[in-house]
Amino acid sequence: MFDQRVPGIPSVAPAPSPVYVDVVLPRRLHRPFTYVIPSELTGQVAIGQSVIVPFGSQDLHGLVTAVHDRLPLGAPEQGLKAVRALAPASPNHLLTPAQIDLSRWLADRYAAPWGQCIKLVLPSVDQVDRRQSRYLPTEQGMTTPSSLEGLSEVEAQVLARLRRRPRGLTEATLAQGDKSRIARALQGLIRKGLVVHRHDAVVPKAPRGNRNFPQESAQAHLAKVTIDALPPPPEAAAWPTTVDQALSQDAGASLLLQGGRDTRFWCLVQAIRATVCRGRRVLVVTGDVENAGRLAESLMAVGERPLLLHSGLSARARTAVWQSAQASSATILVGTRMAVFAPLGGLGLVWVEGEDDVSLKEEQVPRYHAREVARRRASCDRALLVLASSHPSLESWAAAQQGEMKVCVYRASASAPSVRVIDLKAYAREIPAGTLLSPPLYEGIRDALRQNALAILYLNRKGFASVLHCADCGAMPQCDACSVVLTFFKRRNHVRCHYCGRTKPVPDHCHQCQSLKLEPVGSGTERIEEAVRRKFPQARVGRVDGETIRRPADARAFNRLLAADELDVVIGTQMLFRLGLQGQAAFVAVPDADAGLHVPDFRSAERTYHGLMDAVELARPAHAGGVVMVQTRLTVHHAMVALATGHDAVFLEQELAFRQMLQYPPLTSLVRLDVSGTLEPMVAQAADRWAALLRAEVAGAARLDIKAGCGSIMSQHAASAEGESSTVIILGPSPAPHAMVRGRYCWQILVKSLSPEAGRELVVRTRETLERGSRRGGLRFDIDVDPIAMA
DNA sequence: AGCACGCCGACT
DNA sequence: GTCGGCGTGCTC
């Protein structure tokens, strides 16, 4: 069809139609695969097009990333398969250049296979409906008497069933109940030529209906008027002007917004209106499903019509939302992490709500951080990026300090409760063993009960490790090199650093105060609930944690209980902050604020501080009697000082200084490498090999630097000690904190580097060499760029 | 990633 | 002997 040469005119190199395509498949594969374009598809295959290709024994949707008119380098010369079909010409199967770029960026940024990244920008590539493939008896299978063949019992049964249904049966129908047995029999029958497996590569049906919008509340129209008329909260008076200026900048500005939940929501509504006025679209991303739902509902209540996208929706519902976003029928989309890839064009505002939330980081490959993707999307569309939270992440705050974004702090001082930091050491003798109930805490609860008001106890015991601490001063032994808490191994009687893997004998005295009372901590918090119940037998006590609140329905039930005034004291973990109890408690206590510091992670102080801030937010304003008590043995810790004085900057500046001193993010860039497999010695050996490879590369680069530059010769010793002079530092390998996960042994290596690219590039290069070697023992090599926690 | 194939132990 | 569980290697 393309080859319409006019006869008579000599064929002077007519632009040849491409004959080969590179296809990226939605699998964990690092390279594209080359296919032949069959003659009937000549001229119809373009970059960005989704195609159906045979891959092994299955048919897959893949994405065309390149077209060639001759065999591309590296492709096998024979045995190439042909593209089976084009995916239907629906927007569902066509990536825009922007989406291709985003997926490519993601693959580079997070050292992830491109195919996996494409799944995020085009979820429907993964949906070739396998249930539509059918098994059919062949002619031979229809005619041969089954008794004659060497068939197993199951094979004979399956063949008999298929003979009765010459149009074939789907695997789902055939394999009811007994999957693998029948699948195996089918393979046997196929091998014997009695059955064929036919893939019609049917594309999933287009979803019906337009129920993608959350229910509109009856008062929405009225509400819109109300909020417009509502004066801005005094602390955020400057916001409308700030947003207006930011939106007017053509380059795409970034703002770091810090404030309470209600203030932030007001700011969001203002920003949305200003953006929509300019004819541009809005993407709002937040950490958890409930919050996304709540935001969407609140936006509905003020008259907006956001699309809602999160992992709680069915695949079909998600596809529908995706289509609506692409079809431009919506201007606002609210959702969780995954929503940051929604195909919403012409963005004017990208809002990350709760930008410090760790759930914005995906823990599966590709291990992206939605905040970073949001940044990328905003910059591609020259949109305004707003990172909003009650307490900024250190990353974002440092970026603001560097002048990369403007900071807007809208704190309503009037709504702050009175905060008291209690020194547990001072009450050591008065506290019943293991209960942590100091006299002031006890009084606080009693006062709240007397007023018939709510008391909340926040127990931060997430990710507890076995750690030693000094009973006198509260200090915890740390790794000299990594400055993270050392984990205590009782059986081996040693302490170990999870970052660099070094072990030491258990120290016999505290380095801070020379006390000899170093003891393991960790069990005290469990007894608090019991102690509260015993001390206040008349109080109605409720517990909120991962066990009591499993589903959103549980949270609603709990809220109903509270609303009906059925609870006096609520004890809980971070889960407390998701219930929307902000500003409701007369008394909030944190019996053991240090608990969060017992996590061997350089971010443990930041997490602890954020948890404490969230706890403070649960209390009423001081003028309404709101009191917060925070108990600690580390009263001089910057988190406690910041909390006691109410000056965020105390914490942020001090913490940033620590990170700088110890070369942690945000001042350096971190990559965690996971080596896992079924045989421990092989895993350990492979991890050693990778670390050695990395060190060799680093040393090689350092030698080059020396030759080129200063000429001073680094001694062997200094080189192997990886001194400050090096821009890349390799820590480990060490067994992962949870050394065995699902029968696989895990080891990890940390790569610290001054430039993010240097670390990433080094890691990717060495993985290639490593994977070229043997892959026995089920070894896997995973890369986590900017890890948020140790695995 | 997902699938087939092959080897091995448990059971009819 | 058959069944089904894993470990291993391959996919244009």
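Sequence lines set the chain letters: A, B, ... in the order given, protein chains first and strands last, and positions in each chain run from 1. Values reported hereafter were calculated over all heavy atoms of this structure, with side chains retained and with hydrogens, waters and symmetry mates removed.
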- Query: What pairs with A/Glu757 under salt bridge (Lys or Arg N to Asp or Glu O under 4.0 Å), at least two apart in sequence or on another chain?
  - Reply: none

- Message: Could you work out, with salt bridge (Lys or Arg N to Asp or Glu O under 4.0 Å) as the rule, every residue matching A/Asp101, not counting sequence neighbours?
- Response: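 A/Asp101: no salt bridge (Lys or Arg N to Asp or Glu O under 4.0 Å) contacts found.
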
Starting at atom [atom1] of [X], determine the distance to atom [atom2] of [N], rounded to an integer number of angstrom.
| X | N | atom1 | atom2 | value |
| --- | --- | --- | --- | --- |
| A/His30 | C/dC10 | NE2 | C1' | 16 Å |
| A/Leu80 | C/dC12 | CG | C1' | 5 Å |
| A/Lys81 | C/dT11 | NZ | P | 9 Å |
| A/Arg27 | C/dG9 | CZ | C1' | 16 Å |
| A/Phe55 | B/dA4 | CZ | P | 13 Å |
| A/Leu189 | C/dT2 | CG | P | 14 Å |
| A/Arg780 | C/dG9 | CZ | C1' | 16 Å |
| A/Leu60 | B/dC3 | CG | P | 9 Å |

Hey, does [X] reach any base, or is it just sugar-phosphate, or nothing, if we go heavy atoms under 4.0 Å?
| X | result |
| --- | --- |
| A/Pro54 | sugar-phosphate |
| A/Tyr35 | sugar-phosphate |
| A/Leu25 | nothing |

- Salt bridge check: are A/Lys361 and A/Asp784 linked by an N-O gap of less than 4.0 Å?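 Between A/Asp784 and A/Lys361 there is a salt bridge, with a charged N closer than 4.0 Å to a carboxylate O.
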
- Electrostatic pair A/Arg765-A/Glu761, nearest N-O below 4.0 angstrom: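 Looking at A/Arg765 and A/Glu761, the cut-off is met.
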
- Query: Would A/Arg109 and A/Asp786 count as a salt bridge (charged side-chain N to carboxylate O under 4.0 Å, His left out) if you check the C-alpha gap in whole Å, the side-chain angles of each, and the deciding distance to 0.1 Å?
  - Reply: CA-CA 10 Å; A/Arg109 173 74 173 71; A/Asp786 304 337; 2.7 Å; yes

Are there any protein N/O atoms within less than 3.5 Å of an N/O atom in nucleotides 6-10 of chain B, and if so, which ones and at what distance?
unit_1 : atom_1 : unit_2   : atom_2 : d
B/dG6  : O6     : A/Arg184 : NH2    : 3.4

- Message: At less than 4.0 Å, is any side-chain N or O atom of A/Gln58 found next to OP1 or OP2 of B/dC3? Yes or no.
- Response: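 Checking B/dC3 against A/Gln58, a side-chain N or O does come within under 4.0 Å of OP1 or OP2.
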
- Query: For B/dA4, does either OP1 or OP2 sit under 4.0 Å from a side-chain N or O belonging to A/Ser57?
  - Reply: yes

- Task: Say whether, by atom type as modelled, one donor and one acceptor occur between the side chain of A/Arg371 and the main chain of A/Glu355 under 3.5 angstrom.
- Result: yes

- Message: Tell me if the CD atom of A/Glu290 is crowded by more than 12 foreign heavy atoms within 6.0 Å.
- Response: yes

